[in-house]
*Asks:* 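A single structure is presented below for examination.
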Amino acid sequence: MDLDLCAAGTALLSFAAGFAVVVLPRSHASAEGERKGDAEALDREIEARVAERTEEMRAMYEAQTKFLADISHALQTPMAILRGNVEILERCAPARARGVTRIIAATLNSMARLVASILESARWQFAQDKLCMADIAVEALLQEVYDDCSVLAENKGIRLVSSCGAGMTIVGDKEKLKEVLFNLISNALKHTDPGGTVALTGREDDGVAEIAVTDTGCGIPEDRLQDIFERFYRIDGAGVVGTGIGLHICRQIVEAHGGNIAAESEVGKGSRFAVRIPRKSLV
Ligand code: ADP
């Protein structure tokens, strides 16, 4: 009987980032299979339906991401025109109108940051299964990141130091991992006062490469430590601008490498972001 198949005909499938769930309806063909006692036919049909729905949802997800990317991209030009005109207004408006133009300019800037973040996030969704994997020498990776970031630290009067155990390799997409480390260092520099220190370190821990960025900055309240990796989650700090997308992208990239990222922090003392990637080699 059809009713007997309720349990067997219902398959749950976690999709993509685990946010979508497909519930398959009861199947007539499967019912026939079970009536005949043909469990294999039932299995095959369930598998085929799961694959079909997965493909449908993947296509929907891709279309939605593409739509977001197109919209964000299309918004950039009118916003640039608006900004250009507001700049002209700021220069020639009478003094009593300057406060208003300043507010418009600031609002436009935050809209521009938001649009850029959505675009960046959508781009990453597209690129995510196109990681360019190769053997990476961790020491050389950290040296490159250090060389690129030291001038930013110097400009802010912050000491940037780097150290790494020799000979450690991982398999990964070097450019994507650099993006993660740039993000973490840029955050550390944003939230640390001049005179502070930011350390970039690499070490091996039980078959895993751990790359950490530690700062002596303002710290993060313990009850926020999980939330900061969520998309668009921000903690408003005095004069610190941002979009709340950076750590979310970091987590996506690290997880695509089979690793994880975690934060420890103490308010007033500083924070430590540790990226852990399993050590292996392509050869
Ligand atoms: P954004 O920096 O654009 O706001 P992120 O996703 O990079 O977005 O960070 C989310 C939030 O986490 C930030 O708003 C900030 O409050 C907090 N945060 C991230 N890194 C640090 C850090 N090193 N020190 C203190 N707070 C941090």
Side-chain angles (χ1 to χ4, degrees), residues 17 19 68 72 76 79 106-125 127-128 142 145-146 148-150 152-163 175-202 210-257 259-276:
F19 60 78
L68 269 183
S72 326
Q76 283 186 323
M79 280 179 38
T107 312
L108 270 174
N109 281 341
S110 58
M111 278 172 71
R113 276 197 302 275
L114 187 61
V115 166
S117 309
I118 295 172
L119 193 57
E120 170 61 21
S121 172
R123 271 197 199 118
W124 165 244
Q125 304 285 359
Q128 103 160 295
L142 298 203
V145 173
Y146 173 82
D148 288 343
C149 292
S150 51
L152 301 175
E154 221 175 280
N155 286 345
K156 245 205 108 177
I158 292 171
R159 206 162 70 96
L160 179 65
V161 295
S162 174
S163 68
E175 288 313 308
K176 289 285 169 205
L177 289 176
K178 276 169 97 172
E179 193 181 323
V180 170
L181 299 178
F182 286 145
N183 240 311
L184 296 180
I185 292 177
S186 144
N187 275 350
L189 294 174
K190 265 198 307 196
H191 297 280
T192 301
D193 286 333
T197 302
V198 172
L200 173 64
T201 53
E210 187 195 76
I211 303 173
V213 174
T214 310
D215 64 60
T216 56
C218 62
I220 303 162
E222 204 183 335
D223 60 346
R224 307 281 193 99
L225 282 177
Q226 282 310 310
D227 300 328
I228 54 175
F229 294 97
E230 297 304 320
R231 194 186 298 222
F232 300 131
Y233 188 89
R234 301 200 61 242
I235 305 169
D236 284 328
V240 181
V241 292
T243 56
I245 196 83
L247 288 178
H248 181 73
I249 292 177
C250 288
R251 187 173 66 179
Q252 286 182 308
I253 295 176
V254 173
E255 287 181 354
H257 283 79
N260 60 60
I261 180 168
E264 294 165 34
S265 191
E266 200 176 328
V267 173
K269 291 230 162 124
S271 310
R272 181 173 192 271
F273 286 79
V275 169
R276 293 170 62 85

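Just so you know, ligand 1 is whichever comes first in the structure, and atom 1 is the first atom listed for that ligand. Since we're looking at a predicted model, the values are computed, not measured. Positions are given from 1 along the sequence.
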*Asks:* Please classify the D215 to ligand 1 contact at 4.0 Å (heavy-atom distances, strictly less than): side chain, backbone, both or neither.
*Replies:* side chain

*Asks:* Only heavy atoms of S271, strictly under 4.0 Å: list the atoms of ligand 1 that pass.
*Replies:* 24 (N)

*Asks:* Got a donor-acceptor contact below 3.5 angstrom from the K156 side chain to the L189 backbone?
*Replies:* yes

*Asks:* Residue-level breakdown please: for H191 versus ligand 1, do any non-hydrogen atoms fall below 4.0 Å on the side chain, on the backbone, on both, or on neither?
*Replies:* side chain

*Asks:* With heavy atoms under 4.0 Å as the rule, classify the contact between K190 and ligand 1 as side chain, backbone, both or neither.
*Replies:* side chain

*Asks:* So that I can tick it off, tell me whether K176 and E255 are bridged by a salt bridge, with the cut-off set at under 4.0 angstrom between side-chain N and carboxylate O.
*Replies:* no

*Asks:* Between D215 (side chain) and T192 (backbone), is there a donor-acceptor pair under 3.5 Å?
*Replies:* no

*Asks:* Is there at least one pair of N or O atoms, one from N187 and one from ligand 1, spaced under 3.5 Å apart?
*Replies:* yes

*Asks:* Identify every side-chain donor-acceptor pair in residues 220-227 under 3.5 Å, counting partners at least two apart or on other chains, and give the distances.
*Replies:*
from: R224; atom 1: NE; to: Y233; atom 2: OH; distance (Å): 3.4
from: R224; atom 1: NH1; to: Y233; atom 2: OH; distance (Å): 3.2

*Asks:* Give the atom numbers and elements of ligand 1 that come within less than 4.0 Å of a heavy atom of A188.
*Replies:* 23 (N)

*Asks:* Which one holds for I235 and ligand 1: side chain close, backbone close, both close, or neither close, with close meaning a heavy atom under 4.0 Å?
*Replies:* both

*Asks:* Closest by any non-hydrogen atom to atom 27 (C) of ligand 1: pick that one out of I220, L225, T216.
*Replies:* I220

*Asks:* Using a strict cut-off of 4.0 Å, indicate which atoms of ligand 1 neighbour a heavy atom of R234.
*Replies:* 4 (O), 14 (O)

*Asks:* Is the side chain of S162 donor-acceptor paired with the backbone N or O of Y146 at a distance under 3.5 Å, no angle test?
*Replies:* no

*Asks:* What residues form a salt bridge (charged side-chain N to carboxylate O under 4.0 Å, His left out) with R251, not counting sequence neighbours?
*Replies:* E230

*Asks:* Using atom types as modelled and distance alone, determine if a side-chain donor or acceptor of H248 lies under 3.5 Å from a backbone N or O of G244.
*Replies:* no

*Asks:* Would you say ligand 1 has an N or O under 3.5 Å from any N or O of G244?
*Replies:* yes

*Asks:* If you measure from each non-hydrogen atom of F229 to ligand 1, which part falls under 4.0 Å: side chain, backbone, both or neither?
*Replies:* neither

*Asks:* For the CZ atom on R159, are there more than 12 heavy atoms of other groups (residues, nucleotides or ligands in this structure) within a distance under 6.0 Å?
*Replies:* no

